[in-house]
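Chain identifiers are assigned alphabetically (A, B, ...) following the order of the sequence lines, protein sequences preceding nucleic acid strands; residue numbering begins at 1 within each chain.
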Amino acid sequence: ADIRKVSFLINTTAPAEPFLECCYGTGSCFCSLVVSWWEEERYPEGIKWKFLEHKGPVFAPPYEPLPENVKFYYDGKVMKLSTKAEEVATFFAKMLDHEYTTKEIFRKNFFKDWRKEMTSEEKSTITSLSKCDFTHMSQYFKAQTEARKQMSKEEKQKIKEENERLLKEYGYCVMDNHKERIANFKIEPPGLFRGRGNHPKMGMLKRRIMPEDIIINCSKDSKVPPPPPGHKWKEVRHDNKVTWLVSWTENIQGSIKYIMLNPSSRIKGEKDWQKYETARRLKKCVDKIRNQYREDWKSKEMKVRQRAVALYFIDKLALRAGNEKEEGETADTVGCCSLRVEHIKLHPELDGQEYVVEFDFLGKDSIRYYNKVPVEKRVFKNLQLFMENKQPEDDLFDRLNTSILNKHLQDLMEGLTAKVFRTYNASITLQQQLKELTNPDDNIPAKILSYNRANRAVAILCNHQRAPPKTFEKSMMNLQSKIDAKKEQLADARRELKSAKADAKVRRDEKAVESKKKAVQRIEEQLMKLEVQATDREENKQIALSTSKLNYLDPRISVAWCKKWGIPIEKIYNKTQREKFAWAIDMAEEDYEF
DNA sequence: GGCTGGACTTAGTAAAGGCCAC
DNA sequence: GTGGCCTTTACTAAGTCCAGCC
């Protein structure tokens, strides 16, 4: 037990600053008594750390004015802008090729904010955005990008080294006994806000963050990071009830932004583990909860019925909770509790199925959710009731919100909230699908295809979509031509085998036959691998697997599956993912059950 | 109970990095 | 050695949920 306390002190390299030089469990020093965080004792509820030391954030590089020969034109005439106005103009110029800059809201918001940065002279001259010509500036930036690509190896190496230096210096902190990677140690640079979907604030100026905006959080007994020369921090605090190292308030929504630790850190990993444990507890009582909400569909109280129907959707369709949002401040998106009458259509009968509900709404990130779902008769009748005498823009569940729902869930199981259903249903689906789809006789690529299909089932359930890659068609065609070539090669190899066999009869040369046989086998395997790859890619065109993999699937299920079938874990998780899920890789055995 | 701010998780896209066929 | 493609990482927006206030 004492090893835990001293693990960070043992380091045979005896550096000048042992505390900052020790590997803290990363394995890069000679220390052999390192204990992983998941083997350590947990802190009491609410306490997040005892010691925290870091170097503070990295600020965005200062604005570099454009060279004299890069011109901005207003109403056809060259105009020299003040530094501040020029900086904001470059933000627009850099986005010129993007569809964003053609949108009216974007242009209006941009122009309004840009004018605030202008001198009074500029303000009186520049009165219309459509008379502004940013094309020269835009070309300049494109040329810069091109030049960066064309840089010599040495120059590229120099930049890489500089980045590494920055990462080494600012990218890590010490939290208790561990040296931990920081997720986002760089402050967001100024620019134009690009919301997702139809965001009313798109195009607004995201202002530059200064040290005076920054709150530093670290422990009292640590070395407080110094602010840049000539500046001071807004505040230095020592709050060990939170996990963040740095925070500031952004100017678009007035919300707080944070610098926090990497997913591989103890503080994130422990929480992640806990999340899956909560989902596993739900597994134990989900049947009871389901029976309960079925009963509640018949309740005399409207509120209870609405709650029960909403919970049914959250459970069956893995919908998000759906908090209320401030109108006009963000894009108009909804989740379960905030669904409106206009988002569903009821079909007593559709395509041979009874009681079909057609969902069509924009969810998180303005991703469209479209689904036709047969539901139980009681649900259907309830929905008809909820929609009675309502306008399309009225709330479907007018007696319900996420707070009411979560309070109820809390009563059903400690720690239960709406999002736990998503985690639970995602993980249980993966486990079931893996059981169903894995064929013991398959080779490794085929097994991995099965894994991806199981993963895909979850991604579809959670509606994780992506824009089809721009080069999708082309890359499919490339793959197809590879397959065709492989097929020809196989045909050749088979012919050769045949003639070798014929030869062998005459000359009794079995050796040649054997080697030709092997060649055929090898090519067959290669062909199959390519075909599997093509199937996988086609099925994945519009589906993003990574979100569910990273956030919803208990990693122990995947680790156990790999162990059971002898699949190298690297085939399922890349390096970053293995770091994030190190706890699961260490813990889960092949018989792990979610 | 409603409202708000704060903390933290989840999300898709753009840019960077790395790898492989040529 | 390099161009082009695919994978990974960086970035930051947009959710969820809770606590504290009235």
NA contact type, A:Ala418, heavy-atom cut-off 4.0 Å: base, sugar-phosphate, or nothing? sugar-phosphate
So what does A:Arg399 hit on the nucleic acid, given a heavy-atom distance under 4.0 Å: a base, only sugar-phosphate, or nothing? nothing
Would you mind classifying the nucleic acid contact of A:Ser403 as base, sugar-phosphate or nothing, using non-hydrogen atoms under 4.0 angstrom? nothing
State whether A:Thr417 places a side-chain N or O below 4.0 Å from either non-bridging phosphate oxygen (OP1 or OP2) of C:dC17. yes
Strictly below 4.0 Å, N to O, side chains only: are A:Arg208 and A:Glu87 in salt-bridge contact? yes
Taking atom types as modelled, find out whether A:Arg266 and A:His178 have a side-chain donor-acceptor pair closer than 3.5 angstrom. no
Partners meeting ring pair (Phe, Tyr, Trp, His ring centres under 6.0 Å) with A:Trp244 (sequence neighbours left out): A:Tyr258
Do the side chains of A:Glu301 and A:Lys303 get close enough for a salt bridge, i.e. N-O under 4.0 angstrom? no
Let me have a per-nucleotide readout for nucleotides 3-12 of chain B, 5' to 3', with B, S or -, counting only protein heavy atoms under 4.0 Å. ---SBBSBSB
Might you list the N or O atoms of the protein lying below 3.5 Å from N or O atoms in nucleotides 4-8 of chain C, with each pair's distance?
unit_1	atom_1	unit_2	atom_2	d
C:dC5	OP1	A:Lys474	NZ	2.6
C:dC5	OP2	A:Lys474	NZ	3.4
C:dC6	OP1	A:Ser475	OG	3.2
C:dC6	OP1	A:Arg537	NH1	3.0

Ring center gap for A:Phe92 and A:Phe110 short of 6.0 angstrom: yes
Check every strand shown and say whether A:Pro263 touches a base, only sugar-phosphate, or nothing at a heavy-atom separation below 4.0 Å. nothing
Within the 4.0 Å heavy-atom criterion, would you say A:Lys206 contacts the bases, only the backbone, or no part of the nucleic acid? sugar-phosphate
Could I get the full list of ring pair (Phe, Tyr, Trp, His ring centres under 6.0 Å) partners for A:Phe594, not counting sequence neighbours? none
Using five pairs at either end of the helix from B:dG1-C:dC22 to B:dC22-C:dG1, determine the angle between the two local helix axes and round it to 10 degrees. 10°
Quick check on C:dA14: is either OP1 or OP2 less than 4.0 Å from any side-chain nitrogen or oxygen of A:Gln253? yes
Pairs under 3.5 Å (N/O, protein and nucleotides 15-18 of chain B):
none

Tell me if the centroids of the rings in A:His199 and A:Phe193 come within less than 6.0 Å of each other. yes
Do any side-chain nitrogens or oxygens of A:Asn323 fall under 4.0 Å of OP1 or OP2 in C:dT16? yes
Could you check whether A:Gly322 gets within reach of a base, just the sugar-phosphate, or nothing at all, counting any heavy atom under 4.0 Å? sugar-phosphate
